[in-house]
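Quick caveat: nothing in here was measured; it's all calculated off a predicted structure. Numbers restart at 1 for each chain; the letters A, B, ... are given by sequence-line order, proteins then strands.
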Amino acid sequence: MKIGYPCVNESLDCSAASTFRLASYSAERVETTVAGNLACLQRILEYNVAHGLRFFRIGSGIVPFGSHPINTFPWQTRFAAEFRAIGDYIRAENMRVSLHPDQFVVLNSPNPDIVQRSIEELIYQGTMLDLMEMDSTAKLQIHVGGLYGDRDAAIARFIATYHTLPEAVRRRLVIENDDRLFSLHDCRRVHEAVGIPVLFDNFHHECLNHGEPMAEALRQAAATWHPTHDGVLMMDYSSQQPGERKGKHTSTLEETLFREFLTHLHGLDVDIMLEIKDKEASACRAIGVLRELQLVAAEAASLS
DNA sequence: TGGCGTCAAGATAGT
DNA sequence: ACTATCTTGACGCCA
């Protein structure tokens with residue numbers, strides 16, 4: 001089981017998502033910014049190794065305007081060595097990485113231009129993983145998309161678009177159950193049609209489900225991952241921020257809830273991304289919780 | 001230097 | 001038809 005957090009490290013004084021306005025675009029600016037972002041990414045990964053965090057979501061903004069037509073800078077060749085070095089480090093340290101393109105990637109949009117731009121974005125993000133020479137267990141996670149008033153048609157459009165994706169994207173693409181529109185059940189329908197793995201989000205599942213208990217939901221999601229091609233189930237973990245609207249992520253890890261969640265795994269191996277506001281602080285505490293449990297288990301074994 | 005309006009991109013619910 | 005929200009930071013103008 002690997003534990004991780006997304007995109008940003010708040011303990012370090014660098015950013016791997018440094019960018020600039022479209023209006024101030026220049027090739028020179030791209031080059032210096034990507035160099036800085038990759039240097040920071042390496043520092044974040046080193047921090048993670050030092051703290052036992054072996055899962056990390058790389059931010060979408062490593063290459064500013066990475067899928068925008070304005071960006072004709074050959075970053076893929078200029079930074080090939082840097083990407084490969086980062087990939088070597090990730091493999092050497094037995095880490096796992098993912099990316100999560102944001103809300104603008106909508107493969108089931110009725111608007112073909114939006115679909116095309118979405119595919120361009122997925123190609124950009126997949127290319128980064130390819131340059132790092134990551135295998136197909138490094139994933140690109142997206143949501144199914146919009147509903148547009150007709151769930152079946154929306155799912156059918158996702159499936160149709162999926163078939164047109166380049167293999168380089170398809171081998172990494174996974175769908176995540178969301179908290180309002182497409183549930184675990186809906187994602188499993190898509191999986192049954194095209195074989196795409198379902199990344200499980202426990203908090204979204206609490207917000208939107210069909211009565212599946214947590215342990216059963218985990219089992220169902222895990223069954224959509226091919227053990228060698230996809231790796232073990234990736235999941236996002238969070239919990240409700242008390243007193244806030246339903247769906248608001250907690251500001252810090254609630255250790256009691258996390259321990260309770262772990263009881264539903266029943267030995268299932270998963271890699272857990274903590275989608276929690278205070279980032280690595282909570283991830284480190286999650287590591288502490290797991291170590292405690294392991295100590296308890298080890299003690300019980302030695303006594304028996 | 002600090003404050004703050006704005007930023008490539010979509011979809012949805014509410015008014 | 002228009003706005004706020006998701007979600008959040010960071011750019012970059014201005015005082």
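By the 4.0 Å N-to-carboxylate-O rule, A/Lys139 lies close enough to A/Asp230 to be salt-bridged with it. A salt bridge links A/Arg219 with A/Glu216: the distance from a Lys NZ or Arg NE/NH1/NH2 to an Asp or Glu carboxylate oxygen falls below 4.0 Å.
Cluster annotation: A/Val105 and A/Leu181 are assigned to the same hydrophobic cluster (Ile/Leu/Val/Met/Phe/Trp/Tyr, side-chain heavy-atom contacts under 4.5 Å, transitive).
Annotation: proximity of residues 99-130 of chain A to DNA chain B (heavy atom, distance under 4.0 Å) is found for A/Gln103, A/Phe104, A/Val106, A/Ser109, A/Ile114, A/Arg117, A/Glu121, numbered in ascending order. A heavy-atom distance below 4.0 Å to DNA chain C is reached by these residues of residues 24-40 of chain A, ordered by number: A/Ser24, A/Arg29.
Annotation: B/dG3 and C/dT7 have their P atoms spaced 27 Å apart (nearest Å). One C1' atom belongs to C/dT8, the other to C/dA4, and the distance between them is 15 Å to the nearest Å. If you take atom P in C/dA10 and the same atom in B/dG10, they sit 23 Å apart, rounded to whole Å. When the P atom is compared between C/dC13 and B/dA8, the two are found 12 Å apart, to the nearest whole Å.
Partner A/Ser67 forms a side-chain hydrogen bond (donor to acceptor under 3.5 Å, both in side chains) with one of A/Arg117, A/Glu121, A/Gln125 and no other, that one being A/Glu121. Considering A/Val97, A/Asn48, A/Val49, A/Ile3 as possible partners of A/Arg54, the one that fulfils the side chain to side chain contact (heavy atoms under 4.5 Å, CB included) test is A/Val49.
Counting any heavy atom pair closer than 4.0 Å across all strands shown, A/Ile70 reaches no nucleic acid atom. Looking at heavy-atom distances under 4.0 Å, A/Tyr148 makes contact with sugar-phosphate atoms alone, never a base.
Straight-line distance from the CZ atom of A/Phe20 to the P atom of B/dA8: 11 Å, rounded to whole Å. Distance CG (A/Leu147) to C1' (B/dT12): 10 Å, rounded to an integer number of Å. Atom CG of A/Asp178 is separated from atom C1' of B/dA11 by 11 Å (rounded to the nearest Å). Between the C1' atom of B/dA9 and the NE2 atom of A/His143 lies a distance of 16 Å, rounded to the nearest Å.
Here the range on DNA chain C touched by chain A, meaning any atom under 4.0 Å from one of its heavy atoms, is C/dC6 to C/dG12.
A 6.0 Å sphere centred on CZ of A/Arg291 holds no more than 12 heavy atoms belonging to other residues, nucleotides or ligands.
Screening residues 13-22 of chain A for side-chain hydrogen bond (donor to acceptor under 3.5 Å, both in side chains) gives A/Asp13-A/Arg43 as the qualifying pairs, with residues at least two apart or on separate chains. For residues 120-155 of chain A, no pair satisfies disulfide bond (SG atoms under 2.5 Å apart), with sequence neighbours left out.
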Applying ring pair (Phe, Tyr, Trp, His ring centres under 6.0 Å) to A/Tyr5 and A/Tyr237, what does each step give before you reach the verdict?
CA-CA 10 Å; A/Tyr5 61 98; A/Tyr237 175 86; over 10 Å; no

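When ring centroids are compared, A/Phe182 and A/His143 stay outside the 6.0 Å threshold.
Below 30°, between 30° and 60°, or above 60°: for A/Tyr25 and A/Phe65 the angle between ring planes is above 60°, a perpendicular geometry.
Looking only at side-chain heavy atoms (C-beta outward), A/His210 and A/Glu212 come within less than 4.5 Å of each other. Looking at heavy atoms from C-beta onward, A/Arg96 lies out of side-chain contact with A/Met134 at the 4.5 angstrom threshold.
Between A/Leu274 atom CG and A/Thr252 atom OG1 the span is 10.0 Å, to the nearest 0.5 Å.
No N or O donor and acceptor, one from the side chain of A/Arg180 and one from the base of B/dT12, sit under 3.5 Å apart.
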Dot-bracket line, read 5' to 3' along DNA chain B, where crossing pairs take [ ] and | marks a partner on another strand, Watson-Crick or G-U under 3.5 Å
|||||||..||||||

